[in-house]
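These values consider heavy atoms only, across backbone and side chains, with no hydrogens, waters or symmetry-generated copies.
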Amino acid sequence: MDSAGQELLSAALRHVRDAEHLASAGTHESLDQAFHLAGFGPECARKAVLSARTYDRAIGHGVTRASEKALQFALAADPAAHRYDLADWATHNPALAGWTEQSRYRGTGTHSVTAVQPLLREARSIVDRITFALWADGRLPGGFSW
C-alpha cells in the first residue's frame, strides 16, 4: 500500500473514532457532526484499497449509483482490490446509503441518536473489516498507526 493509501486508511479510522466520540453522551456530544464524520470513514477506507488515486474523484464520497459505476471501473483496472468487498455497500448498509456529504449543511439538531448509531455501527464495521483484511494481507507497514 502506497503512502496515499495509508493516509486514507488512517483518515478512515480517525473519522470513525472521532464520530464515535462526538456521539457519546457527555459535554462534547454533537450528533450532527458525528453523523457527518461517520460517512467519510468507509469512503476513505474504500479509496485506500485502490492502487491508483486516479479514480478517487469519480468515486466521490457516498454510495450512490454514480459512485458504484465509477468504483466498478476502478475495480476492473485493479483486480486485487476485489478481495476487499468494496462494491454494493448501499444494499447491505441502509444507514450508509442514507448518508451524504451534504449533511454538513443541515441544521443543528437534525440528527438523533437513532439515526447516528446505525451509521456508526455500519461505518465501524466496514472500516474495521477493510483494515483487518489489509493487515492480514501484509499490506500495512509495521509502523502503521491504528
Side-chain angles (χ1 to χ4, degrees), residues 1-24 30-108 110-146:
M1 171 177 282
D2 66 3
S3 63
Q6 291 174 40
E7 288 175 2
L8 282 164
L9 187 61
S10 177
L13 290 160
R14 182 181 64 250
H15 292 326
V16 172
R17 182 185 60 241
D18 289 353
E20 290 169 337
H21 176 74
L22 289 167
S24 63
S30 177
L31 295 174
D32 299 305
Q33 189 63 9
F35 187 88
H36 171 66
L37 277 177
F40 286 112
E43 174 243 340
C44 288
R46 175 188 268 181
K47 291 175 183 175
V49 171
L50 299 173
S51 59
R53 304 280 63 88
T54 309
Y55 308 104
D56 289 357
R57 274 196 146 188
I59 293 169
H61 299 293
V63 292
T64 65
R65 193 177 344 235
S67 293
E68 288 296 319
K69 285 186 180 202
L71 178 64
Q72 290 304 322
F73 185 76
L75 290 172
D78 191 355
H82 283 279
R83 183 252 189 275
Y84 299 99
D85 186 29
L86 304 177
D88 200 28
W89 285 354
T91 302
H92 306 291
N93 300 283
L96 182 61
W99 177 87
T100 172
E101 72 274 13
Q102 299 304 315
S103 68
R104 65 182 169 234
Y105 301 119
R106 294 185 186 143
T108 300
T110 300
H111 299 95
S112 67
V113 170
T114 57
V116 173
Q117 290 302 326
L119 178 59
L120 286 172
R121 281 191 298 276
E122 290 174 9
R124 171 56 72 191
S125 175
I126 290 167
V127 171
D128 284 353
R129 184 178 67 243
I130 289 172
T131 303
F132 179 76
L134 288 165
W135 174 82
D137 289 348
R139 291 187 60 193
L140 295 181
F144 182 78
S145 179
W146 296 65

Would you give the length of the straight line joining atom [atom1] of [X] to atom [atom2] of [Y], rounded to the nearest 0.5 angstrom?
X	Y	atom1	atom2	result
Leu37	Trp99	CG	CH2	9.5 Å
Phe73	Thr54	CZ	OG1	9.5 Å
Arg14	Cys44	CZ	SG	8.0 Å
Asp18	His36	CG	NE2	11.5 Å
Ser112	Phe35	OG	CZ	9.5 Å

When the side chains of residues 3-12 are checked against the rest of the protein, which donor-acceptor pairs come out under 3.5 Å, sequence neighbours left out?
from : atom 1 : to   : atom 2 : distance (Å)
Gln6 : NE2    : Met1 : O      : 3.2

Original post:
Is any side-chain heavy atom of Leu75 less than 4.5 Å from a side-chain heavy atom of Leu50?
Top reply: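 Leu75 reaches Leu50 side chain to side chain.
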**OP:** Determine, stepwise, if the pair Tyr84 / Arg46 fulfils side chain to side chain contact (heavy atoms under 4.5 Å, CB included).
**Re:** CA-CA 8 Å; Tyr84 299 99; Arg46 175 188 268 181; over 6 Å; no
Heavy-atom pair of closest approach, residues [X] and [Y]:
X	Y	answer
Ala38	Ala19	N-CB, 3.7 Å
Pro79	Ala76	CD-O, 4.3 Å
Ala133	Arg83	CB-NH1, 3.8 Å

Original post:
Donor-acceptor pair, Asp78 side chain versus Ala74 backbone, under 3.5 Å?
Top reply: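 Such a contact is absent between Asp78 side chain and Ala74 backbone.
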Let me check something: any side-chain donor-acceptor pairs from residues 117-132 under 3.5 Å, sequence neighbours excluded? List them with distances.
from   : atom 1 : to     : atom 2 : distance (Å)
Glu122 : OE1    : Ala95  : N      : 3.2
Glu122 : OE1    : Leu96  : N      : 2.8
Glu122 : OE2    : Ala95  : N      : 3.2
Arg124 : NE     : Glu20  : OE2    : 3.0
Arg124 : NH1    : Asp128 : OD1    : 3.0
Arg124 : NH2    : Glu20  : OE1    : 2.8
Thr131 : OG1    : Val127 : O      : 2.7

**OP:** Any chance you could lay out the side chain to side chain contact (heavy atoms under 4.5 Å, CB included) test for Leu86 and Leu71, step after step, and finish with the verdict?
**Re:** CA-CA 8 Å; Leu86 304 177; Leu71 178 64; 4.2 Å; yes
Original post:
Do the ring planes of His15 and Phe40 sit parallel (below 30°), tilted (30 to 60°) or perpendicular (above 60°)?
Top reply: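 Tilted.
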